[in-house]
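All ligand and atom numbering here is 1-based and tracks the order in the structure. This one's a predicted model, so the numbers in the text were calculated from it and none came from an experiment. By convention here, the first residue in the shown sequence is residue 1. What's counted below: heavy atoms across the whole structure, side chains too, no hydrogens, waters or symmetry copies.
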Amino acid sequence: MYTNFQRHLLKELESIKDAGLYKGERIIESPQAAEIVLSTGQKVLNFCANNYLGLSNSKELISAAKSAIDTHGYGMSSVRFICGTTDLHKELEVKIAGFFGTEDTILYAAAFDANGGVFEPLLTSEDAIISDSLNHASIIDGVRLCKAKRYRYENADMEDLESRLAAAQEQRFRIIVTDGVFSMDGNVAPLDRILELAEKYSAMVMVDESHSAGVVGKTGRGVTELFGVKGKVEIITGTLGKAFGGAIGGFTTGKREIIDMLRQRSRPYLFSNSIPPMVAAAGIKMLDIMSESNILQDKLHKNTEYFITGMINLGFDIKPTQSAICAVMLYDAKLSQEFAARLLDEGIYVIGFYYPVVQKDQARIRVQLSAAHNREHLDRAIAAFQKIGKKLGII
Ligand SMILES: *Cc1c(COP(=O)(O)O)cnc(C)c1O
């Protein structure tokens, strides 16, 4: 039997390769940081990590994690409701709610699980989910697992959202679901207008702050801070795997009864392991760092502005962004791969994205800025873009 299946897989893999869509993995032999060492021995500047605040290799987080290993051991060997809840898990949940101005929080092994487990326990076939067309894969999967009626609106298109909301008036409950920051363009969801429409058409709102928490808003509280609507959305999901230290873990935070129901019925919570105490401890430390000062957010915002201004001055076509994501538009898929490869030769690690990850003829290089970058890192990246951009006739 396997011989036939193997042949089938080999053929399929070959066609992925032929289409140029096969994903290899570059091996890193240093901690995640602004400057990393690849297995080839090459030292490169990293502009493609979600390490927005530079906390992935933070001494303070490492030390918090290490002491938690001493006090609480390595793993939990349990889901939360059996024997997988420590004081650290509870403290982190409270701190996350404090950070976002919400009522309660539930932790998951990943944001993928938070999104996968949020809809099915709350909504039934009587209800409606109205989802942005560019929402993260985990939201799409979560929606699929739920029997609610699905509506999809064009990315951040408020007219389209309004028409879907009007169409969904027959349903019992409605929820609008959106990413806070869309990861390919770096644009933010227009949350002020989404909330107006939610009010007008009697809908709840859920925001996934995975790319925006720690990043967007003056103090990094995400898009609810950016639009001055902190505490006004019913559900926020997010990850500990990006700005928040970058290890692992996700959460849903919001209205008390919603979180309580998720603890009773959310399948990835009930049937998947509790995060290790060291991750919870480092998460607590991370939120303490953020509530003490704004240094990291300020540095990230300055770095982003500096890089984008530099790139625009060189004549690059940059997508309007309100996050730490900068999409350098090249439009052509092959060109984006060539450009990224040549940048790596210059010691700048970025990724070129093209169809089907982005729309056809919308190929680009995505640059992710970090508070870990210093001025010299940014200047080196801009200079490399200038050199390759000139060579390839783009600027
Ligand atoms: C990264 C991301 C996730 C998944 O986060 P994990 O914790 O790595 O599972 C979910 N939603 C959005 C919008 C993301 O960007």
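Salt bridge present: E376 and R380 bring a charged side-chain N and a carboxylate O closer than 4.0 Å. Between D104 and K255 there is no salt bridge, since none of the side-chain N atoms of the basic residue sits less than 4.0 Å from a carboxylate O of the acidic one. Here E93 pairs with K90 in a salt bridge; the nearest charged N to carboxylate O distance falls below 4.0 Å.
Among all non-hydrogen protein atoms, the one lying nearest atom 7 (O) of ligand 1 is T239 OG1, 2.6 Å. At the shortest separation from atom 13 (C) of ligand 1 among protein heavy atoms lies D208 OD2, 3.1 Å. The nearest protein atom to atom 9 (O) of ligand 1, hydrogens excluded, is given as F112 N, 2.9 Å; this is a heavy-atom distance.
Of all atoms in ligand 1, numbered sequentially from 1 with element shown, those under 4.0 Å from a heavy atom of S210 are 2 (C), 3 (C), 10 (C), 11 (N), 12 (C), 13 (C), 14 (C), 15 (O). Atoms of ligand 1 found under 4.0 Å from any heavy atom of N115 (numbered from 1 in listed order, with element): 10 (C), 11 (N).
At least one heavy atom of K242 sits closer than 4.0 Å to an atom of ligand 1. In this structure, G249 counts as a contact residue of ligand 1, since one of its heavy atoms falls inside 4.0 Å of the ligand.
The backbone N or O of L55 sits less than 3.5 Å from a side-chain atom of N51, completing a donor-acceptor pair.
Taking the centre and axis of the six-membered ring of Y306, the NZ or CZ atom of R375 falls inside the cone set by 45° and 6.0 Å.
Enclosure of atom OH in Y2 by more than 12 non-hydrogen atoms of other residues, nucleotides or ligands within 6.0 angstrom is indicated.
Between F81 and Y269, the distance from one ring center to the other does not fall under 6.0 angstrom.
Contacts between S138 and ligand 1, counted as non-hydrogen atom pairs separated by less than 4.0 Å, involve the side chain only.
Considering only non-hydrogen atoms, atom 5 (O) of ligand 1 lies nearest to A111 out of G246, A111, G238.
Ligand 1 has no nitrogen or oxygen under 3.5 angstrom from a nitrogen or oxygen of D179.
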